[in-house]
Amino acid sequence: MFPWGFIVLELLKRYRKALLILALPYLFVVLSMAVRIDYRVSTPGDLSPIAEFFELEEAQTYPQENPFYSVYVMSIDRPTMFQYALGSVFPSLSVSELPPSREHISDRANFESGQVARRASLSASLIASLEREGYEVDYEERTVLYLIYDYAVHDGLQIGDHIVRVNGDENVVAAAKDAACGEHHEFEILRGEERRTHSAYKAERDGECTFGFIFRSEEIIIDIEIPYTVKETLIGGPSGGLMQALYVYNAVTEVDLSAGYTIAGTGTIDKDGNVGNVGGVREKVITANRRNVDVFFVPYRETNTQNYDTAVATKEKFGYTLDIVGVETLSEAVNYLLSLQGGENDE
Amino acid sequence: MNKEERRMFKEDFTWKMTAKALVSGLLFATLIVLPFFLLVFNLGFLFVHLLRVFAVLFVFFLSLWAFLVIVFFYKTLALYNKNARAPIQKMMWQDGLTLALIILIAGTILAIRLLPAL
């Protein structure tokens, strides 16, 4: 039997007072830095050159002077009490309640769905920018399993699976919605090149009948004139879409839009080149300023200017000098950069 | 430790004593360094732009932890047999402290050299 008692007694005898005085603050410090609470702390992150996500075939593109950057921020879901306290004090950090939508989503599922969203935004940005320049891109729309909640009952479906049929019906989303409650249903999927069949159970939850899945539509590129290589990265999410599209556009056009400037931005993109709103704009502007960005693109939707307003408010609050440029489409961003180069608008 | 010292050590301390001293060394060193590791992780995720500083601190605290494991190991071992022969007690502290200091200094140098590489 290990003599814990002996060692503890020996130490207590020698340093009784000091140990007693230290025990409570020690426990407080350790617990405050280990116990997690249901909040979210958002922190500035860093710039990521778009070339870290994917590369176009060099032989078919023009050289660029500067990389285009997307900006990533950190979202710490369920921070420790210590992180929460610091988040409340430091102006560059922000604390918010953990959104209910994050409930029942494991960290792994959250990461994997971020990767699916990043891949989807890559396809959309390639289609938007290359078709704009007259290149042929052959693609098809597919339904992808975007998220699986913790409570979902299924026999091995994975985030990122392409759903081909639900109960034999190709209209996947409608078939899943119409599937009867309290029964197992058949999912025909594509995982890579492999066709598989799985089943999932639709059950009543919080007054709603659900599989516990979220589907989303994604463009899958079948054939493309300019080959590209996708790289592995831990950064996920769709918010790099606009900057990816700009990177591709700049690579296939002769005028170098990146020359002389450090250009970063945020915003989703669809295959038609429309820019969509994102989260974490405040922290992204702080990050961009820290890394001496000259031009920062941010979504500006006629119907919802929240992203743009936040970016401008952050710039004014901290007295930054970077240019905040609100754009609704890829064309607007291209035209702005062309105007910086002293060129004429592209449209 | 030469052959004679090893023989005397085996006579004065059993394997069981050595194993137990090692466990208590691990325990106490971890108790002391744990708050610093937690601090590095907590701050590292909050201030990503200072990640390299926290990475260096992590390496330093790792070597501090190894240093403390060795110190507490010999300290506890000495408690188990207070009647161990004087040359052995002296040798233990000399060897132990030398090893511990080498680890701490090597860790600190590695941490400082890592700074520009990160």
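Within every chain, numbering begins at 1; the chains are lettered A, B, ... in the order of the sequence lines, protein sequences first and strands thereafter. Excluded from the calculations below are hydrogen atoms, water molecules and symmetry mates; all remaining heavy atoms, backbone and side chain alike, are included.
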Problem - Side chain A:Y26, main chain B:I32, donor-acceptor under 3.5 Å - result: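 Side chain of A:Y26 to backbone of B:I32, a donor-acceptor pair under 3.5 Å: no, none is there.
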So what's closer than 4.5 Å to chain B heavy atoms on [X]: side chain, backbone, both or neither?
X	result
A:R291	neither
A:Y84	neither
A:V30	both

Closest approach of [X] and [Y], non-hydrogen atoms and distance?
X	Y	answer
B:F45	A:Q83	CB-NE2, 3.9 Å
A:V29	B:P35	CG1-CB, 4.2 Å
B:L46	A:L93	O-CD2, 3.8 Å

[X] atom [atom1], neighbour heavy-atom count above 12 within 6.0 Å:
X	atom1	result
A:Q306	CD	no
A:F318	CZ	yes
A:L27	CG	yes

Practice task
Identify which of B:N42, B:L38, B:L43 forms the greatest number of heavy-atom pairs closer than 4.5 Å to chain A.
Solution key: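 Among the listed options, the one with the most contacts to chain A is B:N42.
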Exercise for the section: Give, as side chain, backbone, both or neither, the part of B:F47 having an atom under 4.5 angstrom from any heavy atom of chain A. Expected result: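 For B:F47, side-chain heavy atoms alone lie under 4.5 Å from chain A.
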